[in-house]
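What follows is a short report on a single structure.
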Amino acid sequence: MHGEKIYLRALEPGDIDILLEMENDTDIWKVSNTTVPFSRFDMEQYLMTGDKDIYKARQLRLMIAEKKSDKTLGAIDLYDFDPANRRAGVGILICKKHRSSGAASEALELLKEYAFKTLSLTQIYAQIHTDNETSIQLFRKHGFSESGILKKWTLYNNVWLDTMMLQYINPDIKS
């Protein structure tokens with residue numbers, strides 16, 4: 001999946017270091033619901049034995065790479081894939097040094113196209129803590145609308161966080 005400045009690609013064995021950096025960044029644990037760090041062995045096992053078929057694994061992680069340099073900028077995920085109800089959650093993480101580059105925006109548009117044209121989904125959604133204004137703005141910019149607030153949804157550092165549910169309904173789907 002290629003955009004103007006970035007492309008989305010499957011995971012490669014060479015992604016271990018960047019995946020470890022992303023997954024073990026305690027600053028993002030509250031959004032990923034991670035509570036313990038991943039080891040290199042854990043990540044190697046995931047890359048070597050993890051099922052890449054979204055219909056079996058019910059999730060798909062794609063790396064976001066810059067076209068001109070092939071540098072990995074982050075990752076974008078489909079999770080809780082539900083083929084019966086034709087929906088999936090979306091998560092995105094851009095490495096700190098590449099934030100505000102437009103990569104997240106372009107990756108989200110590419111993922112929307114894949115979700116609707118290839119997977120024939122009816123909707124994709126995002127669950128974002130209400131204090132994460134940057135992510136909320138990103139998803140709203142791309143047509144996601146708020147469908148509710150989940151009160152005291154996540155406990156992080158002994159503080160309850162509210163979570164906003166945002167949905168994007170495929171405009172080409174007729175009722």
Side-chain angles (χ1 to χ4, degrees), residues 1 3-8 10-11 19 22-23 25-35 50-64 73-96 98-175:
M1 292 168 264
E4 186 179 320
K5 295 180 182 176
I6 61 110
Y7 62 95
L8 304 180
L11 295 170
L19 288 169
M22 289 190 309
E23 296 291 350
D25 180 354
T26 57
D27 290 342
I28 66 139
W29 281 10
K30 82 176 184 179
V31 297
S32 65
N33 291 321
T34 302
T35 56
D51 200 324
K52 308 301 187 279
D53 181 352
I54 190 170
Y55 287 91
K56 290 181 186 174
R58 299 291 193 238
Q59 63 183 12
L60 174 68
R61 170 164 284 179
L62 298 168
M63 302 307 284
I64 303 166
L73 308 176
I76 191 164
D77 301 337
L78 286 174
Y79 65 91
D80 291 343
F81 175 65
D82 181 349
N85 292 300
R86 297 174 51 192
R87 68 177 172 244
V90 177
I92 188 164
L93 177 65
I94 302 296
C95 299
K96 287 179 184 176
H98 300 294
R99 291 183 185 157
S100 300
S101 67
S105 236
E106 196 169 347
L108 188 53
E109 280 302 310
L110 290 172
L111 191 74
K112 281 170 56 178
E113 184 176 337
Y114 174 74
F116 299 137
K117 290 185 178 172
T118 303
L119 298 176
S120 298
L121 297 184
T122 299
Q123 68 173 288
I124 52 179
Y125 62 89
Q127 295 177 319
I128 305 170
H129 295 130
T130 56
D131 64 351
N132 189 344
E133 277 301 316
T134 302
S135 278
I136 291 169
Q137 287 174 8
L138 170 71
F139 281 85
R140 281 185 171 155
K141 174 183 169 187
H142 290 276
F144 285 71
S145 56
E146 180 182 333
S147 58
I149 301 289
L150 303 167
K151 299 289 187 181
K152 299 185 186 311
W153 196 249
T154 304
L155 182 63
Y156 182 74
N157 285 341
N158 291 319
V159 175
W160 285 103
L161 303 171
D162 293 345
T163 298
M164 181 182 292
M165 175 68 90
L166 295 133
Q167 292 175 284
Y168 184 91
I169 310 293
N170 183 348
D172 296 332
I173 300 293
K174 304 299 179 225
S175 298

With rounding to the nearest 0.5 angstrom, report the [atom1] to [atom2] distance, [X] to [Y].
X	Y	atom1	atom2	value
Q127	S147	CD	OG	9.0 Å
E109	M1	CD	CE	13.5 Å
L161	W153	CG	CH2	13.0 Å
L111	T118	CG	OG1	10.0 Å
L110	Y7	CG	OH	12.5 Å
N170	R87	CG	CZ	15.0 Å

Provide the closest heavy-atom pair for [X] versus [Y] in the form atom of the first, atom of the second, distance.
X	Y	answer
S120	R86	O-NE, 2.8 Å
K141	S105	NZ-OG, 3.2 Å
Y125	M165	CD1-SD, 3.7 Å
L121	F81	CD2-CE1, 3.6 Å
G91	Y79	N-CE2, 3.8 Å
R99	L93	NH2-CD1, 3.5 Å

(request) Under the side-chain contact (heavy atoms from CB on, under 4.5 Å) rule, what do L73 and C95 come out as? Steps first, then yes or no, please. (result) CA-CA 6 Å; L73 308 176; C95 299; 6.0 Å; no
(request) Step by step, work out the side-chain contact (heavy atoms from CB on, under 4.5 Å) result for I64 and L8. (result) CA-CA 5 Å; I64 303 166; L8 304 180; 3.7 Å; yes
(request) Return the set of residues passing side chain to side chain contact (heavy atoms under 4.5 Å, CB included) with E4 (not counting sequence neighbours), or none when no residue passes. (result)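 Partners of E4 by the side chain to side chain contact (heavy atoms under 4.5 Å, CB included) criterion, ordered by chain and then number, come out as E106.
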(request) Sequence neighbours left out, what passes ring-ring contact (aromatic ring centres under 6.0 Å, His included) with F144? Give chain and number order. (result)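 For F144 the ring-ring contact (aromatic ring centres under 6.0 Å, His included) partners, ignoring immediate neighbours, are F139, Y168.
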(message) Between K5 (side chain only) and S101 (backbone N and O only), is there a donor and an acceptor less than 3.5 Å apart?
(response)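 Looks like no, no N/O pair under 3.5 Å.
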(request) Going by the side-chain contact (heavy atoms from CB on, under 4.5 Å) test, name the single residue among L19, I76, L78 that passes it with R61. (result)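 That would be L19.
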(message) Assess the residue pair Q59 and D77 against the criterion (side-chain contact (heavy atoms from CB on, under 4.5 Å)); give the C-alpha distance rounded to whole Å, side-chain angles, the decisive distance to 0.1 Å, and a yes or no.
(response) CA-CA 7 Å; Q59 63 183 12; D77 301 337; over 6 Å; no
(message) Is the shortest side-chain heavy-atom distance between E133 and I128 below 4.5 Å?
(response)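 Counting from C-beta outward, E133 and I128 never come under 4.5 Å.
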